Amino acid sequence: MATGTEPPATEPHPRSGGVRAGTRAAIDAPHLRTDRWWLAPAGTVAGLLAFIVYSTWRAFANADYYAAPYVSPFYSPCLAENCEPMKAGPNWEIFGSWWGISPAIIILIFPLGFRLTCYYYRKAYYRGFWASPPACAVAEPHRKYTGETRFPLVLQNIHRYFFYAALLVAGILTYDTVLAFRDENYEWGHMGLGTLVFLVNIVLIWAYTLSCHSCRHIVGGKLKHFSKHPVRYRMWQWVGKLNARHMLLAWASLVSVALADFYVYLVASGAFDDPRLF
């Protein structure tokens, strides 16, 4: 019985392959969506490009990243000898004097590697930059689809290992947040506007990190009987609730870490004085 979707015997414009192959339904329209489906991928591209440009500028600037008691999250921990001295701060001179460029290049590999291989961000930049696919129910323009089975995308599987590095980075940023309860003379018991910025940032960083799919698997994966592991089951449920908001937390924490760095830049460059709350 004819269904009306069989391809004609001869097509005036042969299809190029992939989702346009002749074995697919003979629908002339590339898709049937009538909404503004392109807004989401376009917004993703704009947001990620803005962060890439800003973080690249700040990472290579190698200046204005420390204003006691605040240190930029892009430069923490500082692992080279050319770091600015930070009293009781995360100065770990693992790299010697031979490291001449910005120390931020060393540490940014780990949080950016974690985000680059994140399941949500993969979906976001696959759609936004590669149109693979550009949106739900919108065909991608590529002739072939291989997923993440070939180099370099097969390397996305190292996400689970970047998760452990992200935990370490979040722990260090937590330490920096504690140090933010000092004043410019390193006296404890003080709080500035920057302290609030750091508090908001670290809460979002931890929420995004713990909402990761790898964290959810570590907490509750491979369990055959939840009833025999009540503690892990509770943790799995809690992480699952965070995981449902993984996209929101991914963007919120990306914005907050950039704002925390920008706040330190304003204070360190003298463009802004940190208001003291007490």
Side-chain angles (χ1 to χ4, degrees), residues 40 43-59 61 64-78 86 89-90 104 107-125 128 159 162-163 165-182 191-215 238-239 241-269 271-272 274-275 277:
T44 296
V45 170
L48 292 180
L49 279 179
F51 181 82
I52 291 171
V53 171
Y54 174 79
S55 60
T56 301
W57 165 60
R58 288 293 294 141
D64 300 323
Y65 59 84
Y66 180 66
Y70 310 124
V71 56
S72 164
F74 288 178
Y75 286 80
S76 181
C78 218
M86 297 178 283
I107 192 60
L108 281 179
I109 294 173
F110 301 102
L112 289 181
F114 177 62
R115 290 181 182 266
L116 188 66
T117 58
C118 164
Y119 288 106
Y120 164 69
Y121 281 115
R122 278 145 75 171
K123 166 194 162 185
Y125 64 76
H159 176 65
F162 272 117
F163 170 71
L167 286 178
L168 178 60
V169 172
I172 294 170
L173 295 183
T174 302
Y175 176 71
D176 294 340
T177 304
V178 173
L179 294 183
F181 284 90
R182 304 178 300 175
M191 184 175 184
L193 178 60
T195 310
L196 292 178
V197 173
F198 273 51
L199 281 172
V200 171
N201 178 57
I202 196 57
V203 168
L204 291 174
I205 290 292
W206 273 114
Y208 166 65
T209 304
L210 296 180
S211 69
C212 169
H213 296 76
S214 293
C215 179
W238 180 70
V239 173
K241 292 179 180 179
L242 283 177
N243 183 258
R245 295 171 174 79
H246 194 52
M247 180 183 73
L248 175 62
L249 293 172
W251 281 106
S253 59
L254 193 72
V255 172
S256 71
V257 74
L259 288 178
D261 170 82
F262 187 63
Y263 188 88
V264 175
Y265 165 74
L266 291 177
V267 176
S269 62
F272 182 76
D274 179 46
L277 304 181

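Below, each value reflects all heavy atoms present in this structure, side chains not excepted, and no hydrogens, waters or symmetry copies. Everything numeric in this text was worked out from a predicted model, so none of it was measured.
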Could you go through the side chain to side chain contact (heavy atoms under 4.5 Å, CB included) check for Tyr263 and Leu259 one step at a time?
CA-CA 6 Å; Tyr263 188 88; Leu259 288 178; over 6 Å; no
Find out whether Met191 and Leu196 are in side-chain contact, i.e. whether some heavy atom of one side chain is under 4.5 Å from a heavy atom of the other.
yes
So, do Leu249 and Tyr120 sit near enough that their side-chain heavy atoms are less than 4.5 Å apart?
no
With sequence neighbours left out, what residues match Arg122 under salt bridge (Lys or Arg N to Asp or Glu O under 4.0 Å)?
Glu148
Quick one: does Ser211's side chain have a donor or acceptor within less than 3.5 Å of a partner on Tyr208's backbone?
yes
Test item: Thr195 side-chain N/O and Ala180 main-chain N/O as donor-acceptor pair under 3.5 Å:
yes
For Thr174, give me all partners under side-chain hydrogen bond (donor to acceptor under 3.5 Å, both in side chains), at least two apart in sequence or on another chain.
Trp206
Summary of salt bridge (charged side-chain N to carboxylate O under 4.0 Å, His left out) pairs that have at least one residue in residues 44-59, sequence neighbours excluded
Arg58-Asp261
Would a distance-only check, ignoring hydrogens and angles, find a side-chain to backbone donor-acceptor pair under 3.5 Å from Arg245 to Leu242?
no
Going by disulfide bond (SG atoms under 2.5 Å apart), name the residues that satisfy it together with Cys212, two or more places apart in sequence or in a different chain.
none
Are Ile109 and Phe114 close enough that some pair of their side-chain heavy atoms sits under 4.5 Å apart?
no
With sequence neighbours left out, the residues meeting salt bridge (Lys or Arg N to Asp or Glu O under 4.0 Å) with Asp64 are none
Who are the salt bridge (Lys or Arg N to Asp or Glu O under 4.0 Å) partners of Asp176, not counting sequence neighbours?
none
Could you check whether any side-chain heavy atom of Ile107 comes within less than 4.5 Å of a side-chain heavy atom of Phe74, counting everything from C-beta outward?
no
